[in-house]
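Every chain is numbered from 1, with letters handed out A, B, ... down the list of sequences.
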Number of protein chains: 2
Amino acid sequence: MSTPNEKKEVTIYDIAEALHISAATVSRGLKNHPAIKQATKDKIFAQAERMGYRFNTFARNLRTKRTYTIGVIVPRLNSMFMSDVIAGMEKVSNEAGYELIISQSLETMEKEMKNAVTMFNNRVDGLLVSLAYTTTGIDHFKRFMDKNIPLIFFDRVFEHPNCPNIVINNHKAAYELTSYLIQQGARRIMHIAGNLNRNVYSQRFKGYKDALSDAGIQFKEDWLIVNNLSAEDGIRTAKHICALTERPDAIFGANDTCAVACMQELRRNGVYVPKDMLVAGFNNDPIATVVEPNLTTVNYRGHEMGEVAARTLINLLNEGSEQQTAATIVLRHELIIRDSTRR
Amino acid sequence: MSTPNEKKEVTIYDIAEALHISAATVSRGLKNHPAIKQATKDKIFAQAERMGYRFNTFARNLRTKRTYTIGVIVPRLNSMFMSDVIAGMEKVSNEAGYELIISQSLETMEKEMKNAVTMFNNRVDGLLVSLAYTTTGIDHFKRFMDKNIPLIFFDRVFEHPNCPNIVINNHKAAYELTSYLIQQGARRIMHIAGNLNRNVYSQRFKGYKDALSDAGIQFKEDWLIVNNLSAEDGIRTAKHICALTERPDAIFGANDTCAVACMQELRRNGVYVPKDMLVAGFNNDPIATVVEPNLTTVNYRGHEMGEVAARTLINLLNEGSEQQTAATIVLRHELIIRDSTRR
DNA sequence: TTACTTTATGCAACCGATTGCAAAAAAATT
DNA sequence: AATTTTTTTGCAATCGGTTGCATAAAGTAA
């Protein structure tokens with residue numbers, strides 16, 4: 001245990017002394033307080049620069065009880081989508097003088113709870129969360145609400161009076177996609193869904209079902225398959241489908257990973273897409289453009305979602321608690337039609 | 001600007017008062033200092049629990065001048081590999097009582113420099129870095145070295161006497177892959193490389209070249225193509241290859257994204273893999289298993305790399321500066337042979 | 001010149017945990 | 001019982017900005 005930093009740090013007191021003014025003036029000058037004369041500010045900045053001063057966040061945090069830090073909890077960091085979300089958040093946050101602390105729940109509620117504790121102990125000013133696959137409630141965020149620490153959910157959200165949600169219209173997107181499949185001639189459309197406790201999957205399922213209904217097609221219970229949407233699940237589903245006596249003529253997977261794996265396994269079993277069966281996914285993952293045939297899917301931009309989430313949070317932090325904030329912000333999505341659904 | 005936290009925070013002083021002991025004892029008790037009697041510790045912990053005490057990091061940081069925070073700068077967070085790396089780092093760090101601050105350079109030196117400044121101002125105790133594509137030097141990390149803040153590079157590294165490197169043997173992996181291609185009958189093997197200033201790409205290139213040389217094959221300058229290894233670059237390269245009078249019989253791309261895109265474009269131009277040409281990549285990205293034919297590639301586990309990097313850094317932080325640390329740690333890799341190179 | 005604003009700066013008490021050193025309390029030894 | 005040793009605990013200064021309030025300086029009006 002040695003002290004890592006040898007040289008003594010320069011403080012505002014050192015600057016004050018060098019300029020024969022008070023530390024208070026230096027403190028105000030450094031953050032551009034209007035009560036300080038411009039000439040004085042200039043001198044302070046110059047001196048700070050000259051002495052190699054660096055601001056001490058902890059002294060400020062200790063005093064102000066704010067950390068200018070935003071916590072981010074996401075299921076995984078391994079998709080282009082998430083990478084974009086984070087990039088968008090970073091951009092907005094940094095411009096507003098906030099830092100990000102990022103952690104992944106790896107899709108388990110257990111880790112998500114641990115992450116929440118960590119964030120709490122790090123005293124983040126606010127929290128941006130996309131829920132894990134297995135999360136069943138949000139009690140682990142209760143301590144944040146108790147302390148009035150703003151909490152915003154994005155993408156995988158949870159409806160709660162205190163927590164704004166940033167989402168896309170999953171229902172509408174799924175509705176559009178399903179309607180399109182019907183329009184392509186499909187009648188027996190199966191849906192592979194994720195955990196229906198997660199809004200994204202329940203909404204997609206509902207959109208799918210409503211589209212069927214509106215087209216006069218009677219939904220059958222065994223058209224719905226719920227699993228973890230992993231590649232393995234996709235393969236399993238394909239095998240299941242091949243074993244059916246009455247096979248579907250289209251499959252709509254709630255994510256691309258699963259849809260692609262399923263489509264490939266179907267192919268290995270002699271089912272050709274799109275000739276014998278249409279397949280569509282959701283997310284516009286890079287693999288959708290690699291797989292043969294290219295996968296029809298729904299695209300939505302992560303960067304925008306990240307920006308909006310961060311901006312909403314920062315507004316909350318700056319304006320104080322007594323302001324009007326939208327309960328839900330819905331972002332754009334778009335249907336991307338590719339070969340996997342073209343007859 | 002309202003204070004977000006309404007209720008007064010509980011401090012060690014409150015606990016001390018409640019138990020009629022001193023704050024110093026509480027402070028020591030809470031961190032299990034051996035000089036405190038077990039009975040006293042028990043009372044302290046119980047009281048802390050009862051009062052809803054939470055530790056104030058900033059007061060400690062201010063005092064100890066350590067933050068128990070590790071900075072991580074990576075090019076992007078969007079690969080399974082990076083996600084695993086981060087997960088590995090998180091695991092080791094959290095167990096050792098450290099937190100991670102993560103940021104992405106988005107492959108540009110400019111952003112990487114900004115990230116470095118941020119990390120510096122946040123006073124991370126140490127830094128884990130994988131360099132951006134366009135980074136040409138490491139002057140932006142000089143301030144860390146000046147202050148003796150440990151800096152460790154992983155994967156995309158930079159050799160510097162003060163900075164340990166965590167890598168795989170890129171030379172050997174590329175050598176093995178190339179040798180395998182030769183063994184499959186390939187004689188005119190092209191290599192698509194990334195920026196040769198990055199160790200990973202220069203080493204892979206060198207391994208490729210040495211394998212050719214050892215097999216008695218004369219390397220030709222125009223077998224080397226350097227680009228950004230993006231999908232677009234892969235397509236461009238494929239077109240370039242199709243226009244050649246003497247086409248290669250195998251292509252070794254320095255990452256999977258580029259190799260896959262190239263392979264697909266070749267196919268669109270009537271070149272069939274593996275019949276007409278063998279193709280291999282590097283990284284074992286998910287798309288390698290999705291593309292048809294499946295891509296031969298090199299796998300290495302990110303989780304392990306993240307763990308090792310974090311552990312190495314934490315050792316440095318704990319043991320102080322006067323210890324022996326390996327300059328370079330080399331991790332395992334494995335060749336994954338799939339259909340894209342099977343005749 | 002005096003009185004009143006407006007603008008700039010300084011004082012000093014925080015924020016909450018840490019730790020070297022001294023002293024008190026308890027245990028062991030003579 | 002007195003003394004020495006060991007174990008526990010407390011004192012008080014410290015880390016470095018922040019900010020309400022007071023005061024000084026400069027500017028304007030009367």
Side-chain angles (χ1 to χ4, degrees), chain A residues 1-45 47-48 51-68 97 121-123 125, chain B residues 1-45 47-48 51-68 97 121-123 125:
Chain A
M1 294 286 183
S2 73
T3 319
N5 308 343
E6 336 269 27
K7 295 163 210 154
K8 200 112 174 65
E9 288 284 340
V10 179
T11 73
I12 55 169
Y13 297 101
D14 301 325
I15 299 176
E17 195 178 13
L19 295 175
H20 306 293
I21 59 180
S22 78
T25 304
V26 176
S27 171
R28 293 197 177 95
L30 284 174
K31 48 172 150 146
N32 234 344
H33 192 287
I36 304 294
K37 216 195 320 187
Q38 189 56 47
T40 313
K41 283 181 192 167
D42 293 344
K43 269 189 271 178
I44 292 171
F45 278 115
Q47 186 67 22
M51 298 176 78
Y53 167 79
R54 69 169 171 164
F55 183 75
N56 188 320
T57 325
F58 312 116
R60 175 188 57 184
N61 290 351
L62 179 59
R63 187 60 230 245
T64 62
K65 292 160 175 271
R66 293 189 58 176
T67 63
Y68 295 92
N121 288 335
N122 277 318
R123 300 187 189 217
D125 287 344
Chain B
M1 293 284 181
S2 72
T3 317
N5 309 345
E6 335 270 27
K7 296 164 210 153
K8 202 108 174 66
E9 287 285 340
V10 179
T11 72
I12 53 170
Y13 298 101
D14 301 324
I15 299 176
E17 197 178 9
L19 294 175
H20 307 293
I21 57 178
S22 78
T25 304
V26 175
S27 171
R28 293 196 178 97
L30 284 173
K31 48 167 145 148
N32 234 343
H33 192 287
I36 305 294
K37 212 192 328 183
Q38 189 55 47
T40 313
K41 283 181 191 169
D42 292 344
K43 269 189 269 176
I44 293 172
F45 278 116
Q47 186 66 21
M51 299 176 79
Y53 167 78
R54 68 170 172 164
F55 183 73
N56 188 321
T57 325
F58 312 114
R60 175 186 56 182
N61 290 350
L62 178 60
R63 190 57 230 253
T64 61
K65 292 159 177 272
R66 294 188 60 175
T67 63
Y68 294 90
N121 288 334
N122 276 317
R123 303 191 185 211
D125 287 344

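The backbone N or O of Arg60(A) sits less than 3.5 Å from a side-chain atom of Thr64(A), completing a donor-acceptor pair.
Put simply, chain A comes within 4.0 Å of DNA chain C, heavy atom to any atom, from dA8(C) to dG16(C), going 5' to 3'.
As judged by a 4.0 angstrom heavy-atom cut-off over every strand, Thr57(B) is placed among residues making no nucleic acid contact. Across all strands, Phe58(B) comes closer than 4.0 Å to no nucleic acid atom at all (heavy-atom distances).
Applying the side-chain hydrogen bond (donor to acceptor under 3.5 Å, both in side chains) test to Lys41(B) and every residue at least two apart in sequence or in another chain returns Asn32(B). Asp42(A) meets the side-chain hydrogen bond (donor to acceptor under 3.5 Å, both in side chains) test with Gln38(A); sequence neighbours excluded. Here Thr67(A) pairs with Asn61(A), Thr69(A), Arg123(A), Asp125(A), Phe58(B) under the side-chain contact (heavy atoms from CB on, under 4.5 Å) rule; sequence neighbours left out.
For residues 26-39 of chain B, proximity to DNA chain C is found at Ser27(B), Arg28(B), Lys31(B), defined as any non-hydrogen atom under 4.0 angstrom from a strand atom.
In this structure, Ile12(A) places its CD1 atom 5 Å from P of dG17(D), rounding to the nearest Å. Distance CG (Asn61(A)) to P (dT19(D)): 12 Å, rounded to an integer number of Å. In this structure, the OH atom of Tyr13(A) is 6 Å from the C1' atom of dG17(D), given to the nearest Å. Counting to the nearest Å, the P atom of dG17(D) and the CD atom of Glu17(A) are 14 Å from each other. For the pair Ile21(B) CD1 and dC11(D) C1', the computed distance is 14 Å after rounding to whole Å. Across the protein-nucleic acid pair, Asp42(B) atom CG and dT8(D) atom P stand 13 Å apart, rounded to whole Å.
Taking 3.5 Å as the limit, the base of dT14(D) and the side chain of Arg63(B) contain a donor-acceptor pair of atoms between them.
The two atoms that bring Ala59(B) and Leu62(A) nearest to each other are CB-CD1, 3.8 Å, heavy atoms only.
Checking the phosphate oxygens (OP1, OP2) of dC11(D), no side-chain nitrogen or oxygen of Ser22(B) falls inside 4.0 Å.
Rounding to the nearest 0.5 Å places OH of Tyr53(B) at 10.5 Å from CD1 of Ile44(B). Once rounded to the nearest 0.5 Å, the distance linking CZ of Phe45(B) with OG1 of Thr40(B) reads 11.5 Å. To the nearest 0.5 Å, atom CG of residue Asp14(A) and atom CG of residue Leu19(A) are 11.0 Å apart.
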N/O donor to acceptor pairs below 3.5 angstrom from side-chain atoms of residues 20-29 of chain B, sequence neighbours left out:
residue: Ser22(B); atom: OG; partner: Ala24(B); partner atom: N; Å: 3.4
residue: Ser22(B); atom: OG; partner: Thr25(B); partner atom: N; Å: 3.3
residue: Ser22(B); atom: OG; partner: Thr25(B); partner atom: OG1; Å: 3.1

